[in-house]
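Bear in mind the structure is a predicted one, so any value in this text is a computation, not a measurement. Sequence lines set the chain letters: A, B, ... in the order given, protein chains first and strands last, and positions in each chain run from 1.
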Protein chains: 2
Amino acid sequence: MRADMFDPACPSRLSPVRIGDKWGGMIILCLEGGPRRFSELRVPLRRVTAKVLTESLRALERDGLITRTAYDENPPRVEYALTPLGRTMLEPIAWCREWARDHLPQVVAAREAYEVTP
Amino acid sequence: MRADMFDPACPSRLSPVRIGDKWGGMIILCLEGGPRRFSELRVPLRRVTAKVLTESLRALERDGLITRTAYDENPPRVEYALTPLGRTMLEPIAWCREWARDHLPQVVAAREAYEVTP
DNA sequence: CTGGATCCCGTTGGATACTG
DNA sequence: CAGTATCCAACGGGATCCAG
């Protein structure tokens, strides 16, 4: 996966829409193309520590949005994948991304204007 | 406005989608039908204190999603209203509500099943 | 390699009291 | 009426170290 997929400096991070916790939406997007390993997910989500990523994955698993499959190998391998329910989230996420693409510049501009005259 | 509009016990509150801070999405929905006064907003958002509501309103104003108009009267009157930019949020919010209506029961069920076998 | 265990700190948001 | 001022508890999430 591309390492700059979720650049922390990307203005899309300013979007007021959040799915689950801080990383939930991005994790779901990462899994759109198929199952991914733990360390694969850490590539695009560069700023997340292993602990926090684990917590986010557990939360998504608890809500039935992803599955966790551990293979009894050495070295260990764990794969995460979207459930059918998780896939249904892709649609609203796409809509929210579309909104961000179309309107986020206005939010950023309003925020900058507000800085000048608070 | 109806006082039970955002019942804290309503399962829709479990939706993983959030707009801005905790109350942002609900405030925007409250303003859908036209301008509202500060104390009007406190009715459906029963659990929010004046301080927190003020903070949320300021954040939405800062991002250009709502306007704040203070009338120089006695007693004082302040009205909040959606900007055109703020109105563009109604669409993604409606989509997310639709998703919640269709799929939230599955999330709740998954969460309950997870409780049994963590 | 995939996390669990700790520790820690900034932010969020709630309670309460007060004010122009 | 529409806030502000304080205070504070809870939570999110990051750093670091450790383990199977």
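Distance CG (B/Asp21) to C1' (D/dG12): 15 Å, rounded to an integer number of Å. Rounded to whole Å, the distance from CD1 on B/Ile27 to C1' on D/dA2 is 15 Å. One can place CZ of B/Arg46 at 18 Å from P of C/dG13, the figure rounded to the nearest angstrom. Per the geometry, CH2 belonging to B/Trp23 stands 9 Å off C1' belonging to C/dG13, to the nearest Å. Atom-to-atom, CG of A/Leu41 to P of C/dC1 comes out at 14 Å; the value is rounded to the nearest Å. At whole-Å resolution of the value, CZ in B/Phe38 and P in C/dG20 are 18 Å apart.
The phosphate of C/dT2 (OP1 or OP2) has a side-chain N or O of A/Ser39 nearer than 4.0 angstrom. Checking the phosphate oxygens (OP1, OP2) of C/dT2, a side-chain nitrogen or oxygen of A/Arg37 falls inside 4.0 Å.
Of the inter-residue distances, the one linking B/Thr67 atom OG1 with B/Glu79 atom CD reads 9.0 Å to the nearest 0.5 angstrom. Atoms CG and CZ, on B/Leu85 and B/Arg87 in that order, are 12.0 Å from each other to the nearest 0.5 Å. Interatomic distance, OH of B/Tyr114 versus CD of A/Glu61, reported as 4.5 Å (0.5 Å rounding). Remark: A/Thr88 OG1 to A/Leu90 CG distance equals 8.0 Å, nearest 0.5 Å.
A single hydrophobic cluster is not seen to contain both B/Val43 and B/Phe38; linkage of ILVMFWY side chains at heavy-atom distances under 4.5 Å, directly or through other members, places them apart. A single hydrophobic cluster is not seen to contain both B/Trp95 and B/Ile19; linkage of ILVMFWY side chains at heavy-atom distances under 4.5 Å, directly or through other members, places them apart.
Taking every heavy atom of residues 53-80 of chain B and every atom of DNA chain D, pairs under 4.0 Å involve B/Thr54, B/Arg58, B/Arg68, B/Pro75, B/Pro76, B/Arg77, B/Val78, B/Tyr80, by number.
With D/dG13, C/dA15, C/dG13 as the choices, the nucleotide that has an atom nearest any side-chain atom of A/Lys22 turns out to be D/dG13.
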